[in-house]
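Please read the structure below before turning to the comments.
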2 protein chains.
Amino acid sequence: MDFQKPRVTINEIAELAGVSIATVSRALNNRPGISQKTKEKVQRIITQTGYQPNIFARNIREHQTKLIGLIISDASNEFFKQVSRAVQDQAALAGYSVIMLNSDENPAEEMQAIQILRHYDVSGLIIASTDTHLDYHQLVGDTPTVFFDRAPSPDKQSQFDTLLVNNVSGAELAVSELIRQGASKIGILSSGVSTAGKERQQGYLKALAEYHLPLDQNLIYTSDVKQIKALDYAHELLMTHHCDGIFAADNTLLLVVLQEIKLLHRPNIKVATFDNTAWFDYFKQPVISVKQPTATIGHQAVDLVLKRIKEPTLPAKTRRFSVQLIRRG
Amino acid sequence: MDFQKPRVTINEIAELAGVSIATVSRALNNRPGISQKTKEKVQRIITQTGYQPNIFARNIREHQTKLIGLIISDASNEFFKQVSRAVQDQAALAGYSVIMLNSDENPAEEMQAIQILRHYDVSGLIIASTDTHLDYHQLVGDTPTVFFDRAPSPDKQSQFDTLLVNNVSGAELAVSELIRQGASKIGILSSGVSTAGKERQQGYLKALAEYHLPLDQNLIYTSDVKQIKALDYAHELLMTHHCDGIFAADNTLLLVVLQEIKLLHRPNIKVATFDNTAWFDYFKQPVISVKQPTATIGHQAVDLVLKRIKEPTLPAKTRRFSVQLIRRG
DNA sequence: TTGAAAGCGCTAACAA
DNA sequence: TTGTTAGCGCTTTCAA
């Protein structure tokens, strides 16, 4: 039932090389106090045997795992897929691997995820916070941590590296484009759980104000965590309130809106959303979208975490990336 | 620069409980040979302190990581995104976490990925083989392994659990539908590197034969690994050969085809593909697609690996799932 | 420049 | 029922 991997260990290398394990360790880690000659001999044997030091044995003393923990809040969301892709790639480049966990917009799951990841002694953590007021300081302890997409509770934000995008102006751009394309009664569907969702709602309001469009609270829908009601909301926006434009604050909500538009045969409704995928270019219903720099976010998240692993005392900074409006229609 | 996590260790628990570490270990792992009373006392202290056994120290002896390694061959492919999602979810349910690595259709990278994952002592491996004749037996050693999407080299296949779909009949269904919708000159773009791609090509041939359509070798394009030429191929299919239907054997190739169709303003070309996403429902250009049971594949892969972790000597089996044609247009 | 030996946190065989 | 102890594979003092 239980079985051992017949791994080559440092002992065998030592024996083969006719030296002590301490000497092998020195050769292995390029430590001083070893002659060039011995080092070469040992290294030759290491490559010959394909020996790889046991990461777990090493970890017991070193706490070095070359593992990065990534916690996203919604695995079905295009944005997170893209960012996680970028994280994986960038981490791989640096010789790190990533363990990804899904918090499902649930603070309790997020807490558990952090615990699991710390349990694996990840060298760093990259988190899309579910944005309740979790006590991240105590949760992550001294594990270098970077937040993205959503800021941790505002008062703590300054203590962690945080990567955000300009949600307000992105949403403003998108809604403005809707207006420019002729929409005058625009509804919004946004997520109430994330800072991102709230900010996008602000952008919506700004665009309306800018174009002197009346503000109608009935057109503002904030979906719950599970977005169960999103379909009803979309329905009301179209049927009850006769909107001629809808801004879906993320692509999961967009899907719901498109579904409803199709169902009700309303091809003339103008639609805008946050996030972008290559598929959007082939839609019947043109979709105005706001493209986030997902690759940059993922890469920078890894870079920041790596930097902080090296220098844990670095002052934390928050960066906001600008977004790009993609006009269609 | 280096810092220790002030983790609670088994020693402190032992001290606090006034027992030996062996006793703590027994309480921890529900081993026999401990009185109910002591066990409860120890467990109380464990919860009080929030103690978590060091997984690495444990691993050195146990080789138990609760980690599953997942190797996919193309992170941008919708199929792999969906399967990996299912793998993550199912693994989480069983208390396992997954490390995902991308081989990028590159056997060398796949080999390295296997090594990295074994280095982390993953309890099991789930692999979409790049399908060169890698010596998987020697690569994965005794790590319980499940293959999906592509079979390992045929002669070894019987030695590993393998999860495939019915590529031939899926492609046949899709191409038949193209024909039924009126296409009579149908080109195919498929990947040459995977067994899946080859099988889908067979399905294409079968459909043509079935409907007594002439077989024209000029309409069969097999893209290289990097799919660099795919765009040229699509161009030729449309411009040189005047196809009125195209079967793109995966969604990455579909993207290329759609791009070219749009560029050349050929909305009347009928298109079919393997894999399915929710976005397809909203395309201007209707896309016939073949839906794979991605969730089932991911879940079963995990289940099989878990089963094999428990019983390493289980006979290997290959399962083929059927696919579903989604008509559009 | 080298090796012996201690110890990282844990499990399990053995003794008590 | 409990504790003592060896040892997992490694790094790192400390002595030689």
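Order of the sequence lines fixes the chain letters, A, B, ..., with proteins taken first and strands second; residue numbering starts at 1 for each chain.
- With Glu40(B) as reference, Gln36(B) is the one residue of Gln36(B), Lys37(B), Arg44(B) to meet the side chain to side chain donor-acceptor pair (under 3.5 Å) rule.
- Atom CD1 of Ile10(B) is separated from atom P of dG3(D) by 12 Å (rounded to the nearest Å).
- When the C1' atoms of four end pairs are superposed on the next four at each end of the helix from dT1(C)-dA16(D) to dA16(C)-dT1(D), using five pairs per end, the two resulting axes differ in direction by 50°, to 10°.
- To the nearest angstrom, C1' of dG7(C) lies 15 Å from CG of Asn59(A).
- Residues passing the ring-ring contact (aromatic ring centres under 6.0 Å, His included) test with Phe56(B), sequence neighbours excluded: Phe56(A).
- Partners of Thr195(B) under the side-chain hydrogen bond (donor to acceptor under 3.5 Å, both in side chains) rule, at least two apart in sequence or in another chain, do not exist in this structure.
- Closest contact between the side chain of Arg61(A) and the listed nucleotides dG9(D), dG3(C), dT5(D) involves dG9(D).
- Between Glu40(B) atom CD and dT2(D) atom P the separation is 12 Å, expressed in whole Å.
- Taking atom CG of residue Asn11(A) and atom P of nucleotide dG3(C), one finds them 13 Å apart after rounding to whole Å.
- Ring geometry, Phe79(A) versus Phe148(A): the interplanar angle falls from 30° to 60°, so the pair is classed tilted.
- Checked against side-chain hydrogen bond (donor to acceptor under 3.5 Å, both in side chains), Glu109(A) has no partners two or more places apart in sequence or in another chain.
- We find that CD1 of Ile55(A) is positioned 12 Å from C1' of dC10(D), with the value rounded to whole Å.
- Of all the residues in residues 25-38 of chain B, Arg26(B), Gly33(B), Ile34(B), Ser35(B), Thr38(B) reach under 4.0 Å from DNA chain D with at least one non-hydrogen atom.
- Of the candidate nucleotides dA4(C), dG9(C), dT5(D), dA4(C) has the atom nearest to the side chain of Ala22(A).
- The side-chain hydrogen bond (donor to acceptor under 3.5 Å, both in side chains) test applied to Arg31(A) returns no partner, not counting sequence neighbours.
- Checked by distance alone, Arg58(B) brings no side-chain donor or acceptor within 3.5 Å of a matching partner on the base of dG9(C).
- Closest to the side chain of Glu62(A), from the set dT12(D), dG9(D), dC10(C), is dT12(D).
- Residue Thr23(B) places none of its side-chain N or O atoms closer than 4.0 Å to OP1 or OP2 of dT2(D).
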Show me the donor-acceptor pairs, under 3.5 Å and distance only, between side chains in residues 21-30 of chain B and residues at least two apart or in other chains.
unit_1   : atom_1 : unit_2   : atom_2 : d
Thr23(B) : OG1    : Ser20(B) : OG     : 3.3
Ser25(B) : OG     : Asn29(B) : ND2    : 3.4
Asn29(B) : OD1    : Arg58(B) : NH2    : 3.2
Asn29(B) : ND2    : Ser25(B) : O      : 2.9
Asn30(B) : OD1    : Lys39(B) : NZ     : 3.1

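- Note: CZ (Phe56(A)) to C1' (dC10(D)) measures 13 Å, nearest angstrom.
- If you take CD1 of Ile21(A) and C1' of dC8(D), they are 12 Å apart, rounded to a whole angstrom.
- Here salt bridge (charged side-chain N to carboxylate O under 4.0 Å, His left out) pairs that include residues 82-91 of chain B, with residues two or more places apart or in two chains, are Arg85(B)-Asp89(B).
- Across the protein-nucleic acid pair, Ile13(B) atom CD1 and dG9(C) atom P stand 13 Å apart, rounded to whole Å.
- With sequence neighbours left out, Gln88(A) forms a side-chain hydrogen bond (donor to acceptor under 3.5 Å, both in side chains) with no residue at all.
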